[in-house]
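First the structure, in the form of C-alpha cells, and then the observations on it.
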Amino acid sequence: MAAVDRNAAALGVSTKQLMESSGNALARGVRDVADPDETVAVVAGRGNNGGDAFVAARFLADEFDASVRLLGRPETITTDIARENWDALRSAEIDAERVLDSTALDLGDPDVVLDGVLGTGVTGAPREPERSAIVAMNEVDATVVSVDVPSGTDADTGAVADVAVDADRIVTFHDLKPGLEGRADVTVADIGIPEAAETFVGPGDLRSLSRDPRAHKGDFGRVMVIGGGPYTGAPALCAQAALRAGADLAYVACPDAIAGEVQGYAEDLIVESFDGERLRPAHVDDLLAAAEGRDVVVIGPGLGGADETLDAVRDFLAGYDGTAVVDADALQVVPEVDTDADLVCTPHQGELAKMGGPREDDWEVRAARVREFAAELDVTLLVKGAYDVISDGETTRANRTGNPGMTVGGTGDVLAGITGAMASTQAPGQAAAIAAYANGTAGDVVVDEQGYGLLASDLLGEIPTALWGDRDA
Ligand SMILES: NC(=O)C1=CN([C@@H]2O[C@H](COP(=O)(O)OP(=O)(O)OC[C@H]3O[C@@H](n4cnc5c(N)ncnc54)[C@H](O)[C@@H]3O)[C@@H](O)[C@H]2O)[C@H](O)CC1
Ligand SMILES: [K+]
C-alpha cells in the first residue's frame with residue numbers, strides 16, 4: 001500500500017489528496033449508520049489513520065454532533081498531512097481536544113464511534129495510549145466505524161491482537177486488507193488512486209530495497225554470469241551492472257580465450273573460465289557445481305548462438321533448480337527446456353517472437369498476451385520495448401522509463417545484470433519490474449545530461465542513484 005501511495009504521488013496524486021478522499025468516504029460511511037444530529041465521537045491516533053479521521057470530522061461537523069479526541073499531543077502527530085488536518089479542525093473551531101491520559105478517556109454516550117486509532121502503520125499489539133483507548137471504545141454502546149482496519153488488526157497479516165476494536169463497520173481504502181475478506185460489514189472505498197500507480201513501475205517499488213544496517217556480505221546476492229565467447233563486452237557489462245545494482249559478488253564464467261579481456265574491463269569481477277572459445281555441453285557439470293554456491297545465474301550475454309552452445313544452455317537449465325535470468329541467444333531454448341529453475345526471461349520483441357510469443361503493437365494488448373505466454377511457459381517475462389511489459393503469468397506491470405537512446409548495443413546486458421542482482425533479494429516479477437525501471441531511469445539521466453549517443457557503459461554509474469536516489473521512497 002505504501003508503495004502504491006508513493007507511485008500515486010509520483011503521478012501527481014498526493015497522499016494529502018488521498019487523505020481527503022478517505023475522509024470523505026468515511027463521512028459517507030457514518031451517514032449510512034447515523035441520523036442527522038446524532039453524536040459521533042471520533043478517536044484518532046497520531047498517524048495518517050488519525051488524519052483520515054480528522055478529515056471525516058470536518059465533513060461531519062455540520063450535520064452531526066461530532067467531537068474529536070486526539071490520543072496524545074499534536075506535536076507528536078507523525079506526518080505533516082495529518083497535523084495539517086488537525087490544525088484545520090482547530091482553526092475551524094470544530095470540537096477537537098487532545099487526550100493526555102487515555103486511561104481516563106471519557107467518550108460519553110455517543111451514537112457512533114469513529115475508530116481512527118491505528119491503521120496499516122501498526123506494528124505489534126497496541127501499546128499505550130492506544131491500548132486503553134481501544135478498551136474504552138469497545139465499552140461504549142455505539143455503532144463503531146473503523147477507519148481502514150479495526151485498530152489492533154495487523155494489516156499485513158490480518159492477525160487480531162489481544163486488544164482490538166470490535167467494529168460494526170469498516171471503511172477500507174483502495175483495496176481489501178488481509179483479515180477483512182469475507183466480512184459483510186466492509187466497504188472498499190475508491191480514494192482516487194489511479195490504476196497507473198499499480199500498473200506502472202514507479203519509485204514506490206524501490207521501497208523494498210532499503211537495507212538493514214546489520215546486513216553482511218552475501219545478503220544481497222552472489223550473481224554468476226554465464227556469457228561470452230563471440231562477444232566479450234556483454235558478460236562484463238552484465239556483471240558490472242549486477243554490482244552497481246547492489247549484488248555483493250559478481251562472477252563471470254566465460255571461455256578461456258576471452259577471460260583476460262573480460263577481467264580487463266573491471267577488477268571488481270571474479271572471472272572463472274572454462275576451456276576453449278565458446279560454451280559447450282562438456283562445461284555444464286562444472287558450471288552447475290559452481291552455481292550451487294551462487295544466488296542467481298544470468299545466462300546468455302555474449303554467448304552467441306552456435307548449436308553446441310545452445311545445447312549447453314539447454315543442459316544447464318535442465319540441471320539447474322535456482323533462479324536464472326535468461327537473455328540474448330539463450331532465450332530461444334526456453335520454450336523447449338524442462339527445468340525446475342525459476343526463469344526470468346528478458347527478450348526484446350523480436351526475441352519474444354522467436355520464442356513463439358506474441359507480436360503486438362499496442363502495449364496493453366501486448367501486456368495481456370505476454371501474461372498468457374508467461375503463464376504458458378511458467379516463467380517471468382520482461383519484454384523490452386518503449387513500454388516494457390513484465391509478467392509472471394499472474395501480475396502484469398509496465399515500465400515507462402527509458403528512451404530511444406537506449407537502442408544502442410549492450411543496454412540489454414546491463415538490464416540482465418540488474419535483474420540478476422534484484423532477483424537475489426526480490427520475487428522474480430518484482431525483480432524484473434525494478435530492473436526495467438532502474439535501467440530506464442539510468443538511461444534517462446544520461447540522455448538528459450548529454451543527449452543521445454550514450455554507451456551502455458554510461459548506464460553503469462547511474463544505476464545506484466536510479467535505485468536508491470529517491471529520498472522520498
Ligand atoms: N493509500 C492509502 O490507502 C491511504 C491511507 N491512508 C491512511 O493511512 C493509514 C496508515 O497511516 P500510517 O501513518 O502509516 O500509520 P497508522 O496511522 O496506522 O499508525 C501509525 C502510528 O501508530 C504508531 N504505532 C505503530 N504501532 C503501534 C502500536 N502497536 N501501538 C501503538 N502505536 C503504534 C506509530 O508510531 C505511528 O504513530 C492507513 O491505514 C489509512 O488510514 C492515508 O489517508 C493516505 C491514503
Ligand atoms: K483504525
Side-chain angles (χ1 to χ4, degrees), residues 1-11 13-27 29-30 42-56 58-59 69-86 102 113-135 137-138 144-157 159-180 186-195 197-198 202 204 207:
M1 208 53 238
V4 173
D5 244 28
R6 175 71 190 96
N7 287 351
L11 296 171
V13 184
S14 70
T15 309
K16 192 167 180 188
Q17 285 170 278
L18 299 179
M19 183 174 282
E20 194 70 12
S21 303
S22 299
N24 196 348
L26 286 167
V30 170
V42 176
V43 186
R46 287 160 294 168
N48 281 349
N49 199 250
D52 296 340
F54 300 148
V55 176
R58 173 158 42 83
F59 277 97
R69 270 85 162 180
L70 165 66
L71 302 175
R73 293 175 199 284
E75 308 81 71
T76 61
I77 292 176
T78 56
T79 69
D80 290 344
I81 56 171
R83 194 174 316 105
E84 284 159 17
N85 279 307
W86 165 261
S102 67
V113 169
L114 186 62
D115 154 35
V117 175
L118 293 166
T120 54
V122 69
T123 44
R127 300 179 293 271
E128 294 296 2
E130 288 78 6
R131 195 176 180 85
S132 296
I134 291 170
V135 172
M137 289 155 76
N138 284 342
V144 178
V145 179
S146 280
V147 180
D148 209 16
V149 293
S151 300
T153 306
D154 185 317
D156 286 330
T157 63
V160 180
D162 60 329
V163 169
V165 166
D166 184 12
D168 299 298
R169 279 248 179 170
I170 301 158
V171 179
T172 197
F173 307 124
H174 185 65
D175 236 341
L176 210 52
K177 310 295 180 303
L180 305 185
V186 181
T187 306
V188 179
D190 181 347
I191 57 171
I193 295 175
E195 201 178 306
E198 289 186 89
R207 291 174 60 93

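Just so it is clear, the structure is predicted and the values come from calculations on it, not from any experiment. We count ligands from 1, going down the list as the structure has it; atoms in each ligand are counted the same way.
- Protein heavy atom in closest approach to atom 45 (C) of ligand 1: Leu18 CB, 3.7 Å.
- Counting heavy atoms under 4.0 Å from ligand 1, residue Asp5 touches it through the side chain alone.
- Of the heavy atoms in Ala125, only backbone atoms (N, CA, C, O) come closer than 4.0 Å to ligand 1.
- Using a 4.0 Å cut-off between heavy atoms, Thr78 contacts ligand 1 through its side chain alone, with no backbone atom that close.
- Close approach of ligand 1 to Gly119 (heavy-atom distance below 4.0 Å) involves ligand atoms 16 (P), 18 (O), 39 (O).
- Rounded to 10 degrees, the OG-metal-OD1 angle spanning Ser151 and Asn49 at the K ion (ligand 2) equals 100°.
- Here Asp52 has side-chain heavy atoms under 4.0 Å from ligand 1, and that is the only part of it that gets that close.
- Rounded to 10°, the angle that O of Leu118 and O of Val149 form at the K ion (ligand 2) is 90°.
- Under the 4.0 angstrom criterion, atom 34 (C) of ligand 1 counts as lacking any protein heavy-atom contact.
- At under 3.5 Å, a nitrogen or oxygen of Gly121, whether backbone or side chain, sits near a nitrogen or oxygen of ligand 1.
- Remark: Asp115 does not engage Arg169 in a salt bridge, criterion side-chain N to carboxylate O under 4.0 Å.
- When Gly192, Gly47, Ala133 are ranked by how near their heavy atoms come to atom 21 (C) of ligand 1, first place goes to Gly47.
- Taking the N/O/S atoms of Asp115 in turn, the shortest distance to the K ion (ligand 2) belongs to O.
- The shortest separation from a heavy atom of Val55 to ligand 1 is not under 4.0 Å, leaving the residue out of contact.
- Shown in contact with Gly124 at under 4.0 Å from a heavy atom are these atoms of ligand 1, numbered in order with element: 29 (N).
- Atom 17 (O) of ligand 1 has Asn49 N, 3.0 Å as its closest protein atom, hydrogens excluded (heavy atom only).
- Taking a cut-off of under 4.0 Å to the non-hydrogen atoms of Thr15, the atoms of ligand 1 that pass are 44 (C).
- With a heavy-atom cut-off of 4.0 Å, Met1 touches ligand 1 through its side chain alone.
- Residue contacts with ligand 1 for Glu130 involve side-chain atoms from C-beta outward but no N, CA, C or O (heavy atoms, distance under 4.0 Å).
- Protein heavy atom at the shortest distance from atom 10 (C) of ligand 1 is Thr120 OG1, 3.2 Å.
- Interface atoms of ligand 1 facing Ile193, defined by a heavy-atom separation under 4.0 Å, are 1 (N).
- For ligand 1 and Ser22, the ligand atoms under 4.0 Å from any heavy atom of the residue are 43 (O).
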